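This is a predicted model, so every value here is computed, not measured.
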Amino acid sequence: MAKNTIPKAYESKQYEDDMYAAWETSGFFNPDQLPGERTESFSIVLPPPNVTGTLHMGHAVMLALEDIMVRFARMRGKRALWVPGTDHAAIATQAKVERLLMKEGMKDPRRELGREAFLKRVEAFAAESHDIIVNQAKKMGASLDWSREAFTLDAQRNRAVNAAFKRMHEDGLIYRGDRIVNWCPRCKSTLADDEVEYREEKTTFYYFTYGPVVIGTARPETKFADKVLIVHPDDARYASWVGKEMEVEWIEGPVMAKVVADEAAEMDMGSGAMTITPAHSFVDFDLAKKYGFDIVKIIDEDGNLTAAAGSFAGKNAHAAREEIVAVLQKKGLVDHVDENYVHNLSVCYRCGEAVEPLPKLQWFIDVNKPFPFRASSHAPMEGVKDGQEVTLKGLMRHVVETGQIEILPDRFHKTYFHWIDNLRDWNISRQLWYGHRVPVWYREGEMQIGEKPQSDGWEQDPDTLDTWFSSGLWTISTLGWPDQTQDLRVYHPTSVLETGYDILFFWVARMILMTTYALGEVPFRHVYLHGLIRDEQGRKMSKSLENIIDPLEMIEKHGADATRLSLVIGTTPGNDTKLSEEKVAAYRNFANKLWNIARYILSSSSRVTPTGPAIGGEAESSLDAQSSREMTLADRWIASRFARVTDEVTRHLERYEFSQAGEKLRDFTWNELADWYLEVSKVPSQQRASLAGGPLRTDLLTTILSDLLKLWHPFMPFVTEALWSHMAIASDDANDVGAEGSFRRSLDSTGSAGLARDDSPVSAVGDLARDDSAQNLLMIQSWPIADLSQKDEQAERDFALLQQAITAIRNIRAQYQIEPKSFVDVRMETTDDHAAGVLEENWEIVQTLAKVKDIRSDAVQGVTAAAILGPLTIHVALPVDPVAERARLVKARDEKVRYIQTTQAKLENGDFVSKAPARVVEEMRAKLEMARGELEGIEKQMQEIASFSSTRFARSGSSQ
RNA sequence: GGGCGCAUAGCUCAGUUGGUUAGAGCGUUUGCAUGACACGCAAAAGGUCAGAGGUUCGACUCCUCUUGCGCCCACCA
């Protein structure tokens with residue numbers, strides 16, 4: 001006999017690292033090495049984590065979800081590729097290293113170290129982070145193809161960046177312009193519009209007398225060069241001033257102010273007149289451009305006042321505010337002050353520093369400029385012809401509008417369009433050091449685009465590119481672009497892009513922009529957006545709140561599988577999830593449950609063979625191996641249920657409904673397989689049937705187990721792989737013992753394709769890396785196909801009756817506090833021959849699971865506790881308290897009467913009967929019948945109690 | 001200001017084209033060392049599906065409005 005050497009509890013730590021090593025050495029993470037004919041590709045590129053430190057729960061969800069997709073695709077025989085990589089995250093990484101260096105005592109790390117030495121420090125930090133991240137991804141079980149690992153700042157990606165830049169420049173889409181941009185004085189760099197965040201802040205708001213009017217501002221320090229007064233064209237109060245100039249006393253003495261009419265001024269706002277600051281406000285800048293006003297820079301890149309501030313030049317702008325107000329105060333120009341003004345302060349999304357809008361000469365991508373579209377011959381986009389004039393904005397809109405890219409959940413389509421419609425030209429140059437250098441060279445007014453200059457004397461643009469420029473190319477740069485590689489042909493467009501909804505604009509939209517432009521293809525077909533992981537109270541996890549749940553810690557304590565499940569089940573795309581350690585522990589319990597289910601099946605079976613040899617194809621479920629044999633009701637029930645669940649789970653996974661797939665699997669595994677079928681399998685009669693007809697039950701059990709492990713594998717790769725190896729061991733042991741050879745023979749004679757497999761020995765855990773055993777890894781087994789011919793509605797109904805009967809008897813036992821070990825007598829009473837037959841045929845199951853002595857015992861007389869199931873009444877012989885029993889029955893009766901009334905009313909409604917589908921009407925009639933039967937049973941029982949207790953009361957006065 | 005989301009059992013959430021006597025996990029109560037599992041087993045309690053209207057034979061599900069919470073975008077000189 002196969003010895004059960006499987007430990008009692010699943011200790012994730014003892015398996016996970018070995019399992020991952022076995023997968024990795026098998027080479028199967030690389031789709032080129034997968035066995036079998038694989039014609040269909042499935043590809044995902046990993047959203048590259050920033051090399052700023054360690055992985056958090058957001059990364060963990062991402063890894064869990066994507067691994068489910070990839071493992072599922074791989075098991076379905078697809079060429080499944082998941083490309084790993086990391087993001088240099090220019091601004092974030094540089095800021096982080098700068099902070100570290102300042103902690104080490106440096107005041108201005110960039111200046112103190114110089115460009116080269118500074119970059120070395122950043123790179124060392126990035127390398128360290130990279131290693132940590134890779135290790136963490138492995139801990140999660142991510143089946144990433146490490147042989148294709150990429151980095152947004154490596155040489156290959158640099159070629160992609162330069163190629164894209166050059167082509168966009170040639171198409172006139174990249175231009176250099178002196179425009180107002182967001183400047184972070186701390187990062188000393190510009191930011192893209194969406195890299196600016198807003199924080200509500202209470203501040204002082206000043207009202208100053210400006211000539212004849214009062215103007216308001218929250219920022220007096222920007223007001224030095226305000227020389228234009230804007231009024232509304234319809235504003236009668238100021239109509240006579242328009243076009244005129246007037247002398248106005250101001251901070252540094254009198255200035256000449258021009259009055260201009262424009263709708264930008266709102267009449268009912270304050271005085272209805274305003275001055276503008278073109279150099280430090282986006283709105284004012286646009287106005288200045290419109291009218292050709294001077295754009296005078298007041299604040300410089302260090303946050304100091306410029307020469308335009310006269311005597312204040314060189315002072316820190318913020319610090320000078322008070323002084324400036326004091327000057328105006330002295331001149332009597334301060335009208336009044338509002339101390340409780342609330343405004344939106346714009347801050348840097350990386351360091352939180354207040355952002356200063358100021359004009360700078362920068363590189364931009366023009367999103368509105370028409371250019372001729374270059375169509376792809378490999379995966380052409382619908383609705384755009386080669387050479388057709390398009391804009392980047394138009395392309396981004398088009399591919400989503402036409403459904404060539406679908407976003408899940410679909411409400412994000414609207415958000416996406418709204419964002420595109422508001423999109424301005426994208427500022428792509430940064431004054432950071434860490435990043436792709438702008439591939440532009442200058443010499444005496446000349447300019448050259450490219451990686452290297454053609455001749456001497458050229459100087460490269462000192463700026464680097466926005467980190468999103470390189471990550472925007474991610475789907476194609478990881479697959480080899482700008483070269484026309486095999487990978488690009490085979491794996492592009494990628495199947496799905498899975499990421500958090502918070503970077504839909506930053507990244508997803510930019511990839512769409514870059515790829516539709518560069519390749520004329522969509523970068524991916526589907527976008528799956530997961531929600532944010534929050535703490536139990538729904539707060540964002542952050543260091544300052546100390547509410548971070550570390551995925552590594554969860555893996556350490558509860559296992560990677562439990563961590564994965566806790567992030568997948570109970571979550572829906574686009575919605576945030578609250579996570580707690582208890583939730584992870586709950587799934588740890590489930591992993592252990594699965595472990596013990598397998599342990600039971602493996603130890604109770606004489607021999608076990610994992611099924612499903614057809615690697616690279618879809619295995620036919622081997623349940624049909626049993627169909628010709630005699631199956632018990634429970635067998636037929638579980639086979640039917642399993643076929644259904646297999647089908648449902650597969651469909652859910654196809655539709656990216658991971659939570660529902662997992663939930664259905666869990667319910668089946670725990671509430672049906674373990675709680676019922678395994679319990680039934682312990683009933684002697686069920687075992688006898690097996691003995692009589694061969695190892696039938698065992699066969700069914702192991703078949704279900706092996707398919708169940710396959711279904712669970714994408715969700716819980718570690719436990720399932722560990723159990724799979726144990727199954728293989730068990731089967732191995734069995735082969736050594738020749739006594740059970742009949743099992744194999746009997747299988748061969750039935751010609752069961754599923755089980756008659758190459759039974760090459762599978763090694764123990766830890767040896768799995770051996771070449772000859774790699775083929776036996778669960779990760780490459782074929783996904784089960786639901787055998788819907790196993791669906792058996794009659795068996796499901798009959799077994800449900802059995803379950804109800806057992807539960808009802810148990811309920812009565814619990815209520816009357818019957819000793820758990822003692823058996824009770826039971827008598828059935830029914831007009832339904834079929835129901836009676838089902839219970840009689842399976843009475844041993846009832847006997848065992850409900851602890852029943854005899855099912856038609858004559859000992860059951862007088863008053864009983866009754867379980868009433870439709871036309872079936874089960875009397876349980878007990879010392880009954882008639883008063884309590886009556887109360888119970890009254891409650892049940894009232895409920896039943898209410899149900900019958902409403903149901904009857906519906907059925908008597910002509911509209912319902914004529915308009916509702918026949919199926920619904922039929923179902924309702926059947927339920928009504930059932931309820932009537934039950935009501936009858938209840939009333940009968942009430943009468944019995946009444947008559948019994950009256951005689952009894954007459955005799956002894958009281959029960960018990 | 002514009003847009004979006006969420007309100008279902010004490011807590012966390014499912015509920016797929018409208019048809020269940022509304023589900024799960026955790027927690028709670030009661031009982032149990034039953035031959036895989038106490039990370040377990042059995043039984044149970046707990047919901048006017050936020051509120052008000054409407055459409056429909058029928059609404060947790062669709063529409064309108066209200067209330068509360070949250071998010072995104074724009075932005076107020």
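Residue contacts for E663(A): at a heavy-atom cut-off of 4.0 Å it reaches the sugar-phosphate backbone alone, with no base atom in range. Within the 4.0 angstrom heavy-atom criterion, only backbone atoms of the sugar-phosphate kind lie near T275(A); the bases stay farther away. Residue-level contact check: I215(A) touches neither bases nor backbone, having no heavy atom under 4.0 Å from any strand. Residue A931(A) is classed as having no contact, given no heavy-atom separation below 4.0 Å to the nucleic acid. Within 4.0 Å of N575(A), counting heavy atoms only, lie sugar-phosphate atoms of the nucleic acid but no base atom. H652(A) comes within 4.0 angstrom of a nucleotide base, judged by non-hydrogen atoms across all strands. The residue Y341(A) sits close only to the backbone: its heavy atoms come under 4.0 Å of sugar-phosphate atoms, none of a base. Among the atoms of the strands shown, only primed sugar atoms or phosphate atoms (P, OP1, OP2) are found under 4.0 Å from some heavy atom of R666(A). F205(A) comes within 4.0 angstrom of the backbone, heavy atoms only, and of no base. In this structure, E895(A) reaches neither bases nor backbone, as no heavy-atom distance under 4.0 Å exists between it and the strands shown. No contact: T277(A) has no heavy atom under 4.0 Å from any strand.
Comparing rU28(B) with rC69(B), their C1' atoms sit 28 Å apart, to the nearest whole Å. Only the P atoms considered, rG15(B) is 14 Å distant from rU8(B), to the nearest whole Å. Distance noted for atom P between rU55(B) and rA44(B): 41 Å (whole Å). Taking the P atoms as reference points, rG23(B) lies 42 Å from rG2(B), given to the whole Å. Nucleotides rU66(B) and rU21(B) are separated by 31 Å at their C1' atoms, to the nearest Å. Nucleotides rA50(B) and rC13(B), compared at atom P, are 15 Å apart to the nearest Å. Nucleotides rU64(B) and rC26(B) have their C1' atoms positioned 38 Å apart, rounded to a whole Å. Straight-line distance between the P atoms of rA45(B) and rA22(B): roughly 14 Å, to the nearest whole Å.
Closest to the I597(A) side chain, of the nucleotides rC76(B), rC57(B), rA36(B), is rA36(B). Looking at the side chain of N344(A), the nearest of the listed nucleotides rC75(B), rA36(B), rC57(B) is rC75(B). Distance from the side chain of K915(A) is smallest for rC57(B) among the nucleotides rA14(B), rC57(B), rC73(B). You'll find that the side chain of Y198(A) is closest to rC75(B), out of rG19(B), rG25(B), rC75(B). Relative to the side chain of F912(A), the nucleotides rC72(B), rC57(B), rA14(B) differ in distance, and rC57(B) lies closest. Here the nucleotide nearest the side chain of P820(A), chosen from rG31(B), rC71(B), rA74(B), is rG31(B). Listed candidates were rC76(B), rC73(B), rG3(B). Nearest to the side chain of V283(A) is rC76(B).
Between G216(A) and K414(A), the residue whose closest nucleotide on RNA chain B is further toward the 5' end is K414(A). With the nearest nucleotide of RNA chain B identified for both T572(A) and E923(A), T572(A) has the one nearer the 5' end.
The environment of K227(A) atom NZ is sparse: at most 12 non-hydrogen atoms of other residues, nucleotides or ligands sit within 6.0 angstrom.
One can place OH of Y677(A) at 17 Å from P of rA36(B), the figure rounded to the nearest angstrom. Going from atom CG of N182(A) over to atom C1' of rC75(B) covers 14 Å, rounded to whole Å. Following rounding to the nearest Å, N909(A) (CG) and rC57(B) (P) show an atom-to-atom distance of 9 Å. Between I569(A) atom CD1 and rG23(B) atom P there is a gap of 20 Å when expressed in whole angstrom units. When the P atom of rC72(B) is taken as reference, atom CD1 of I503(A) falls 15 Å away, rounded to whole Å. Per the geometry, CZ belonging to F282(A) stands 9 Å off P belonging to rC75(B), to the nearest Å.
In this model, the phosphate group of rC4(B) is not approached by any side-chain N or O of R411(A) to a distance below 4.0 Å at OP1 or OP2. Side-chain nitrogen and oxygen atoms of K927(A) include at least one within less than 4.0 Å of the OP1 or OP2 phosphate oxygen of rU21(B). For the OP1/OP2 pair of rC13(B) and a distance below 4.0 Å, the side-chain nitrogens and oxygens of T571(A) include no atom meeting the criterion. Close to rC11(B), at under 4.0 Å from its OP1 or OP2, lies no side-chain N or O of K578(A). A sub-4.0 Å separation between OP1 or OP2 of rG15(B) and a side-chain N or O of Q660(A) is present.
When both distances must be under 3.5 Å, the Watson-Crick or G-U wobble mate of rU48(B) does not exist. With both pairing distances under 3.5 Å, rG31(B) is matched to rC41(B) as a Watson-Crick or G-U wobble pair. Base pairing annotation: rA36(B) forms no Watson-Crick or G-U wobble pair, as no partner gives both donor-acceptor distances under 3.5 Å. Of all nucleotides present, only rC4(B) satisfies the Watson-Crick or G-U wobble test against rG70(B), with each distance under 3.5 Å. Base pairing analysis places rA59(B) opposite nothing; no Watson-Crick or G-U wobble pair with both distances below 3.5 Å involves it. Pairing of rC76(B), defined by two Watson-Crick or G-U wobble distances under 3.5 Å, is not identified with any nucleotide. The partner of rU12(B) is rA24(B), judged by Watson-Crick or G-U wobble contacts that both fall below 3.5 Å.
With rounding to the nearest 0.5 Å, the separation of NZ in K8(A) from CZ in R599(A) is 7.0 Å.
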Verdict with reasoning, Y210(A) to D226(A), per side chain to side chain donor-acceptor pair (under 3.5 Å): CA-CA 10 Å; Y210(A) 188 85; D226(A) 283 22; over 6 Å; no
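A cation-pi contact links K682(A) to Y600(A), judged by a cut-off of 6.0 Å to the six-membered ring centre and 45° from its axis.
The base of rA24(B) lies outside donor-acceptor range of the side chain of K664(A), with no N or O pair under 3.5 Å.
For the ring-ring contact (aromatic ring centres under 6.0 Å, His included) with F590(A), the lone residue among W712(A), W595(A), Y10(A) that qualifies is W712(A).
Between W250(A) and F208(A), the ring planes lie perpendicular to each other; the angle is over 60°, past the 30° to 60° tilted range.
Checked for salt-bridge contact, E221(A) and R219(A) meet the test: a charged N lies under 4.0 Å from a carboxylate O. A salt bridge does not link K891(A) with E895(A): none of the charged nitrogens is closer than 4.0 Å to a carboxylate oxygen. In summary, R651(A) and E654(A) do not engage in a salt bridge, as defined by a charged side-chain N under 4.0 Å from a carboxylate O. The existence of a salt bridge linking R925(A) and E922(A) is confirmed by a sub-4.0 Å separation between a basic side-chain nitrogen and an acidic carboxylate oxygen. Here E201(A) does not pair with R199(A) in a salt bridge; the nearest charged N to carboxylate O distance is not below 4.0 Å.
Judged by centroid separation below 5.5 Å and plane tilt below 30°, Y899(A) stacks onto the base of rU21(B).
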Contact letters for nucleotides 38-46 of chain B, in which S counts primed atoms plus P, OP1 and OP2 and B counts the base, heavy atoms under 4.0 Å: SBSSSSS--
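Between the N596(A) side chain and the N592(A) main chain, a donor and an acceptor come within less than 3.5 Å of each other.
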